[in-house]
Amino acid sequence: MPSAPLHLDTPLVRTASGYSASGKPLWLKLDALQPSGSFKLRGVGRLCQHEVEKGAREIFCASGGNAGIAAAFAGRALGVPVTIVVPETTAADVRETIAATGANVLVHGAVFDEANAYAIELARSCKASYVHPFDHPLLWDGHATLIDEVVAKGATFDCVVTSVGGGGLLAGIVEGLKRNGLTDVPVIAVETEGAASLHKSLQANERVTLPAITSIATSLGARQVAQHVFELPNQHPIESVVVSDGDAVAACLKFADAHRLLVEPACGAALAVADVHAGLLQRFDSPLIEVCGGIGVSLEKLKLWKEKFL
C-alpha cells in the first residue's frame, strides 16, 4: 500500500473574463499554495517516497531552489536526511529557506548542470539515493496529479498553460491529460527570453544546450530540457511560446493584486500568456493555467523587478 502523498489538493479558482486581454475566464490551479511553495512537491515528494520505500536512508538532490525545498520538506516528513546542492546563482535567501526546512545545503558550480553532476557524485560516494529535480517518470507521475485534481473537481478546460524549465511539469501535465482521456487538449509551454531551452530546441529540431541563462526567471534555468520532454510534441499537441522578463514580472504583480499571492517570474511567465499572447487563447473557451508558485520571490524583490523592467 503506497503512503499518502505529501502534496495538497490545491484550490482551483476562476477569473472573470475581464481579468486578462484574452477576454476569457481562466481556471487557475493554485500550486503556489503547496507546503513547499511550488508544484515541485507533487513529483519530488512522490520520488522521495519511492526511494525511502526502497530503503534509502539519505537523499541528495540538485536544485536552483524549488525542487530543493520540496526535497527538504519530503525528507523531513519521511525522516531521512537530505542534502541539496545549489549552483552559485541561487540567491542567499533561497539557500536559507531550504536550510531552514531541515536540509544540508551545499553550493557548487556556476550553473545547475555542475551542481547536478556534483550531487550525483556525492550520492554515489555516500551510497545514498539521488533525486533528479525534473527528469524521472515518477516525478512526472506525481506532477500529473494536478490534472487528476482539476478533472475530479468537474472543471471543463480546453487547453493548459504552463511554464517550462527542465520540463518535468510539462511532462507531468501531458501524463495527466493522457490518463484522464484528454489527449486532444493542447498544452501551451511558456518560457522567458534567456531561459528558452525548449523553444530553441524545437526551432533547431534538436536538443539545444543554452550557453547561459540570462533571464531573471532562474527557476526556468535548465540549459537543456530532458530528452523525454523534447520528444513530447511528437506525442501530444504542444505549442511553445516565449515572453519577456518584464512580461513575467507584470503578470506577477497583477496576480498579487488580484489574488493576494506572490509567485516567481518563472510562474508569472505562464500567467503572462493571457495578456501577451492573448490571440493564442482566442480559439479556446476555458484555458487552465498552472500557477506553479516558487519560493524565490518577496515583496522587496517584486519592487526591485518592477523598477527594473516596468
Side-chain angles (χ1 to χ4, degrees), residues 6-8 10 30-48 58-112 114-116 118-119 122 130-134 139 142-143 163 165-166 168-169 195 213 215-222 248-249 252-253 255-256 259-269 290-305:
L6 300 176
H7 66 265
L8 301 180
T10 51
L30 300 182
D31 268 334
L33 295 174
Q34 290 293 353
S36 69
S38 85
F39 78 96
K40 287 281 189 182
L41 187 58
R42 294 181 180 277
V44 171
R46 171 87 177 80
L47 187 48
C48 287
E58 185 176 9
I59 289 171
F60 284 80
C61 177
S63 169
N66 290 308
I69 196 166
F73 180 92
R76 189 174 69 187
L78 297 167
V80 296
V82 172
T83 296
I84 307 298
V85 184
V86 299
E88 292 155 8
T89 49
T90 298
D93 60 326
V94 172
R95 298 177 203 172
E96 287 161 13
T97 302
I98 297 171
T101 310
N104 177 33
V105 179
L106 302 177
V107 181
H108 184 91
V111 292
F112 166 76
E114 293 169 5
N116 191 48
Y118 189 55
L122 286 175
Y130 159 77
V131 166
H132 198 288
F134 60 81
L139 279 171
H143 297 330
S163 298
L169 178 56
I213 299 298
S215 169
I216 59 158
T218 52
S219 293
L220 303 183
V249 169
C252 290
L253 290 164
F255 179 74
H259 297 280
R260 301 159 303 283
L261 281 171
L262 301 187
V263 295
E264 287 184 12
C267 178
E290 161 64 358
V291 184
C292 53
I295 60 168
V297 63
S298 64
L299 285 172
E300 185 60 27
K301 284 183 180 180
L302 276 177
K303 183 182 170 188
L304 292 172
W305 291 330

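Worth saying up front: this structure is predicted, and the values here are computed from it rather than measured. Note that these values count all heavy atoms, side chains included, but never hydrogens, waters or copies made by symmetry.
Side-chain N or O atoms of Thr10 include none that pairs as donor or acceptor with a backbone N or O of Leu33 at under 3.5 Å. With Lys40 contributing its side chain and Pro133 its backbone, the two residues share a donor-acceptor pair below 3.5 Å. Of the possible polar contacts, none joining the His143 side chain to the Leu169 backbone as a donor-acceptor pair under 3.5 Å is found. The closest donor-acceptor contact from the side chain of Thr90 to the backbone of Gly64 lies under 3.5 Å. Judged by distance alone, with hydrogens and angles left aside, the side-chain atoms of Ser63 form a donor-acceptor pair with the main-chain N or O of Gly68 at under 3.5 Å. Under the 3.5 Å distance criterion, the side-chain polar atoms of Gln34 are left unmatched by any main-chain donor or acceptor of His7.
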Intermediate values then yes/no, side-chain contact (heavy atoms from CB on, under 4.5 Å), Asn66 and Glu264: CA-CA 10 Å; Asn66 290 308; Glu264 287 184 12; 3.1 Å; yes
Working for side-chain contact (heavy atoms from CB on, under 4.5 Å), residues Tyr130 and Asn116: CA-CA 10 Å; Tyr130 159 77; Asn116 191 48; 2.6 Å; yes
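At least one side-chain heavy atom of Leu262 sits less than 4.5 Å from a side-chain heavy atom of Leu299. When side chains are defined from C-beta on, Leu78 counts as touching Cys48, because their heavy atoms get closer than 4.5 Å. The shortest side-chain heavy-atom distance between Leu122 and Leu106 falls under the 4.5 Å cut-off. In this structure, Val131 and Val82 have side chains that are not in contact, with every pair of non-hydrogen atoms separated by 4.5 Å or more. Put simply, the side chain of Ile213 does not reach to within 4.5 Å of the side chain of Thr89, judged on heavy atoms. Proximity of Arg42 to Asp31: side-chain heavy atoms (C-beta onward) are separated by under 4.5 Å at one or more points. Counting heavy atoms from C-beta on, the side chains of Pro81 and Asn104 never come closer than 4.5 Å.
Applying the salt bridge (Lys or Arg N to Asp or Glu O under 4.0 Å) test to pairs two or more places apart or on separate chains, those with a residue in residues 85-106 are Asp93-Lys301.
From Ile295, atom CD1 reaches atom OG of Ser36 across 8.0 Å, with rounding to the nearest 0.5 Å. Rounded to the nearest 0.5 Å, atoms CD1 (Ile98) and CD1 (Ile84) are 6.5 Å apart. Interatomic distance, CZ of Phe134 versus CG of Leu139, reported as 10.0 Å (0.5 Å rounding).
When every heavy atom of Ser163 is checked against every heavy atom of Leu220, the shortest pair comes out as CB-CD2, 4.0 Å. Between Leu41 and Phe73, the shortest heavy-atom distance links the atoms CD1-CD2, 3.6 Å. Residues Val105 and Ala99 come closest through the heavy atom pair CG2-N, 3.8 Å. Across every non-hydrogen atom of Leu6 and Ala77, the tightest pair is CD2-CB, 3.9 Å. Nearest heavy-atom pair across Cys292 and Cys267 is N-SG, 3.2 Å. Taking each heavy atom of Ala115 and Pro87 in turn, the nearest pair found is CB-N, 3.8 Å.
Relative orientation of the His108 and Tyr118 rings is parallel, given thresholds of 30° and 60° on the angle between their planes.
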